Every structure is written in C-alpha cells, then in structure tokens.
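Remember, it's a predicted structure, so these values are computed and weren't measured experimentally.
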Amino acid sequence: MAQFIRNAWYVAAWSKDVGRHLLSRRILDEPVLMYRKNDGTPVALLDRCAHKLVPLSMGRLIDDVVQCGYHGMEYDCSGQCVRVPGQAKIPKTAKVRSFPLVERYNAIWIWTGDPALADPDRIMVIEHYGAPGWKVLDGGYQYHETGYINIADNLMDPAHTTFVHGRTIGMAAAGEVPVEVEESDIHVCAHRWNNDIEPIPSDRKITQFSGRVDRRQSYNYFPPAISRVDAVTIPAGQPHTDEVIARGIRTAGYKFLTPESGNRTHFFWLQLRNFDVPDYKMDDYIRAQDSTFQEDNVVLSAIQREQDATGVVQQTWIAIDEAPTKMRRMMQRMLDAERAQAQP
Ligand code: FES
Ligand SMILES: [Fe+2]
C-alpha cells in the first residue's frame with residue numbers, strides 16, 4: 001500500500017458537491033462518505049459499516065444520521081452507532097471513524113492524519129482570494145489515472161509545455177529557456193522569463209498586445225498536495241519590477257492533488273486572474289483549460305502504466321528534472337518525519 005503524508009489538509013470535494021445526499025470518494029486509500037447535516041455543516045465518515053463492512057453510502061440519510069442499507073444500524077456524525085435494530089445494547093465496537101473537515105475557499109478540506117494536529121490554520125492561504133480586482137474561477141475537477149507525485153512532477157516541469165500543449169499554452173521558444181530553481185522550507189519554485197516573444201494564444205484572447213511581450217511563469221509546489229502556477233505577461237522591454245508586474249496580465253492557477261490511491265488522483269483546480277473582458281466569455285475560455293490538463297493526464301496515465309509494469313519510476317535524469325527532484329526529496333523528508341513522529 002502506498003505511503004501518504006497524512007498530517008496535511010487535502011481537498012476532499014468542492015463545497016457544491018457535498019449536500020443532503022451520501023457522496024462516496026476514496027481518499028488516501030480510504031473510503032470516505034460525505035454529507036451535510038441539516039444545519040449545513042459537512043461531515044466525513046469512514047464509508048464502511050462496522051458490522052459487515054458494507055459501504056454506508058449504500059444506505060440513506062435520516063436527518064443527521066446515516067442508516068446502513070444492509071441491517072439498518074445507524075451512525076451519528078461523530079461515527080458513533082446510535083441504534084442497532086432489534087437490540088437495545090450497542091456494542092463498543094459499533095463505531096466508524098470520523099474525519100476533521102474545514103470548509104474554506106469553496107472547498108471541503110479533509111484531514112486523515114492525527115486528529116490532534118488538524119489545525120485549520122495549516123490550510124494554505126490563497127493569495128488575492130476575494131480581493132478587489134481579482135476574479136476566482138473554481139470547481140474544476142478531473143480524475144487522473146496516475147499517482148499524485150507524477151502530477152506534481154509534471155507541474156514543476158515547464159519544459160513539457162512546448163511539446164504537450166503546443167495548441168494551448170505552449171510557446172515554441174520556451175523549450176530552450178532554462179528555469180531557475182529555488183527552494184524554501186515549504187515549497188519548491190521553478191521560474192523563468194521568456195522575453196521578447198509573441199503573445200501566447202491564450203494571452204491574445206485576453207488583450208490586444210500591440211507588439212511582443214515578456215512573460216514570466218513560476219511553478220510553485222507546496223508538498224504534499226498543492227501546486228500554484230503564476231503567470232504574468234507585460235509589454236516587451238519594460239523593467240521587471242514589482243510595480244510593472246503588478247500591472248501585467250496575471251493569473252494564479254491552483255491544483256489541489258488528492259490521492260485516491262498510490263496511482264490514481266483527484267485533481268481539483270481553481271484559477272485567479274486580475275483581469276476580465278466583459279465582451280468575451282472569459283470564464284468559459286478558462287474552463288477550457290480542462291483540455292490542457294487532459295493533455296497532461298494522457299501522458300501521465302501512460303507513464304503510470306509503464307511504472308506499474310516495470311516497478312521503475314524513472315530511468316535517467318536530465319537538467320530539467322532539477323525542480324521535480326527537489327520536490328520529490330521534500331516529499332520524502334516530510335514522509336520520513338511523519339513516520340518518525342508516529343514511532344512510539
Ligand atoms: S452491514 Fe451495516 S448493519 Fe449490517
Ligand atoms: Fe502540462
């Protein structure tokens with residue numbers, strides 16, 4: 001069974017997808033059942049009846065209680081069994097695990113690690129969220145048939161855009177421009193400027209640049225599960241100061257990777273932007289990025305199949321692997337630290 005960093009918040013669902021119905025989703029290799037109480041509070045329980053292990057999601061919701069669809073045992077939102085049909089006594093073992101949840105940024109965040117450590121302040125701050133001048137587009141979801149570390153790897157690797165995303169976000173010249181890699185305690189960043197280039201197709205939709213542009217991309221990964229890709233486009237030749245950058249066309253694309261298992265991933269995305277074009281259906285246009293992410297999914301699913309068949313993750317390393325390698329090492333350090341902490 002795959003090892004996961006459990007003491008972290010992962011997006012379990014978009015808020016809109018959890019309601020007065022039983023939603024089942026496998027998260028970090030555990031079956032999770034989600035629903036909302038009558039007062040709207042979201043709940044997550046292990047989706048496995050304590051009796052015969054039937055998924056509770058096959059049962060039904062009665063007020064705030066879940067009734068198993070096999071023999072009718074009922075569980076409250078803490079996972080405690082509160083009724084066993086045909087007997088008064090409730091066995092001590094009749095309970096299921098409940099998971100800490102936080103609803104923030106229109107998403108439901110789950111903690112599958114030590115509940116004592118589930119501090120909501122550990123949820124990453126999404127800069128500019130709700131700030132004037134910034135629009136948020138959220139609700140993106142895809143199911144990827146590859147492990148989340150392969151996706152993280154891809155999101156730290158701008159070199160692939162030229163080859164995989166030529167039609168959408170790729171820049172022909174970009175494949176040759178090296179990235180600079182930086183690392184902090186909590187993230188790895190690969191960034192580069194592409195100077196004096198033609199605007200990429202998506203930027204041309206946003207605004208009419210009169211000429212060539214400078215464009216910076218920075219690929220940030222915050223292990224275990226969050227990627228933020230920042231992009232800014234400014235007219236070519238201007239100084240790359242904070243002031244000029246703040247006036248540029250800017251986007252921040254977030255991906256929240258939630259492992260379903262070691263080799264399957266729930267891929268949630270949202271995007272912030274500092275522009276809008278009233279006469280253009282910009283939201284629809286940005287939602288079409290789904291097809292860009294699918295282009296990655298096709299490649300990464302194929303990689304996963306070969307990894308599964310061979311037991312090998314990668315056979316050779318080249319210069320562009322610097323950032324993904326740093327990211328993988330950071331993940332490993334986190335995993336080791338968590339394991340060490342768990343030792344009695
Ligand atoms: S399996 Fe759930 S009550 Fe028997
Ligand atoms: Fe990509």
Side-chain angles (χ1 to χ4, degrees), residues 1-11 27-29 112-113 122 124 142-165 175 177-192 217-230 253-269 293 295-343:
M1 192 165 146
Q3 297 285 335
F4 300 109
I5 295 163
R6 292 197 173 268
N7 287 329
W9 292 101
Y10 292 86
V11 171
I27 294 174
L28 276 68
D29 244 348
T112 71
R122 287 175 68 166
M124 193 175 129
Q142 295 183 350
Y143 179 71
H144 284 198
E145 295 191 355
T146 192
Y148 79 110
I149 296 178
N150 283 336
I151 303 176
D153 196 288
N154 167 274
L155 291 165
M156 290 306 296
D157 157 24
H160 79 276
T161 54
T162 303
F163 305 98
V164 178
H165 308 303
V177 181
V179 294
E180 287 179 46
V181 178
E182 287 165 22
E183 193 175 351
S184 76
D185 286 346
I186 56 161
H187 89 306
V188 178
C189 174
H191 59 98
R192 67 179 174 190
Q217 294 159 289
S218 55
Y219 296 75
N220 303 277
Y221 199 81
F222 300 82
I226 299 181
S227 153
R228 189 189 75 219
V229 178
D230 298 318
Y254 284 81
K255 322 289 180 321
F256 308 107
L257 309 180
T258 304
E260 178 192 66
S261 63
N263 56 14
R264 297 289 185 273
T265 307
H266 304 290
F267 178 102
F268 300 90
W269 67 272
F293 305 144
E295 288 171 341
D296 289 315
N297 186 22
V298 168
V299 173
L300 298 175
S301 301
I303 288 173
Q304 185 67 57
R305 286 195 292 277
E306 294 308 312
Q307 289 175 334
D308 289 346
T310 61
V312 173
V313 171
Q314 179 167 346
Q315 187 177 316
T316 192
W317 276 259
I318 58 177
I320 59 166
D321 296 320
E322 183 185 353
T325 301
K326 281 191 158 61
M327 177 277 297
R328 282 175 188 264
R329 287 200 188 123
M330 191 176 278
M331 294 255 214
Q332 193 57 51
R333 286 197 297 276
M334 289 172 81
L335 201 52
D336 292 345
E338 197 170 289
R339 268 196 223 138
Q341 217 176 26
Q343 302 293 327

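Ring geometry, Phe256 versus Tyr254: the interplanar angle falls under 30°, so the pair is classed parallel (tilted spans 30 to 60°). Classified by interplanar angle (parallel below 30°, tilted 30° to 60°, perpendicular above 60°), the ring pair Phe222/His187 is parallel. Taking the six-membered ring where the residue is Trp, Phe4 and Tyr148 present tilted rings, their angle falling between 30° and 60°.
A heavy-atom distance below 4.5 Å is not found between the side chains of Thr325 and Glu322. Residues Met330 and Tyr221 have side chains not in contact (no heavy-atom distance under 4.5 Å, counting atoms from C-beta outward). Annotation: side chain of Tyr143 is in contact with side chain of His266 (closest heavy-atom distance under 4.5 Å). Looking at Val229 and Lys255, their side chains come closer than 4.5 Å, going by heavy atoms from C-beta outward. Side chains of Tyr219 and Thr161 form a contact here, defined as non-hydrogen atoms less than 4.5 Å apart. Using a 4.5 Å heavy-atom threshold, the side chains of His165 and His160 count as touching.
Not one N or O on the side chain of Ser261 forms a donor-acceptor pair closer than 3.5 Å with the backbone of Asp29. With Asn220 contributing its side chain and Arg228 its backbone, the two residues share a donor-acceptor pair below 3.5 Å. For Glu338 (side chain) and Arg6 (main-chain N/O), a donor-acceptor pair under 3.5 Å exists by modelled atom type. Distance alone, capped at 3.5 Å, places no donor-acceptor pair between the Ser227 side chain and the Leu155 backbone. Put simply, the side chain of Asp308 never gets that close to the backbone of Arg305: no donor and acceptor are under 3.5 Å apart. Between the side chain of Glu180 and the backbone N or O of His191, no donor-acceptor pair lies under 3.5 Å.
Checked by atom type, the side-chain pair Asn263/Gln307 shows no donor-acceptor distance below 3.5 Å.
Interatomic distance, Asp153 CG to Arg328 CZ, rounded to the nearest 0.5 Å: 4.5 Å. The distance from atom CG of Leu28 to atom OG1 of Thr258, rounded to the nearest 0.5 Å, is 7.5 Å. Between Leu257 atom CG and Ile226 atom CD1 the span is 9.0 Å, to the nearest 0.5 Å. Atoms CZ and CD, on Arg339 and Gln332 in that order, are 6.5 Å from each other to the nearest 0.5 Å. Atom SG of Cys189 is separated from atom CE of Met156 by 6.5 Å, given to the nearest 0.5 angstrom. With rounding to the nearest 0.5 Å, the separation of CG in Asp296 from CD1 in Ile151 is 9.0 Å.
The minimum heavy-atom distance between Ile5 and Pro224, with the atom names listed, is CD1-CB, 3.8 Å.
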* Quick one: do Val179 and Ile320 satisfy side-chain contact (heavy atoms from CB on, under 4.5 Å)? Show the steps, please. => CA-CA 8 Å; Val179 294; Ile320 59 166; over 6 Å; no
* **Check against side-chain contact (heavy atoms from CB on, under 4.5 Å), Thr310 and Gln315** => CA-CA 11 Å; Thr310 61; Gln315 187 177 316; over 6 Å; no
* Residue pair Phe293, Asn154: steps toward the side-chain contact (heavy atoms from CB on, under 4.5 Å) verdict -> CA-CA 11 Å; Phe293 305 144; Asn154 167 274; over 6 Å; no
* Residues Glu306, Ile303; criterion side-chain contact (heavy atoms from CB on, under 4.5 Å); working and verdict -> CA-CA 5 Å; Glu306 294 308 312; Ile303 288 173; 5.9 Å; no
* Could you go through the side chain to side chain donor-acceptor pair (under 3.5 Å) check for Asn150 and Gln304 one step at a time? => CA-CA 8 Å; Asn150 283 336; Gln304 185 67 57; 3.1 Å; yes
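Surrounding CZ of Arg329 are at most 12 heavy atoms belonging to other residues, nucleotides or ligands under 6.0 Å away.
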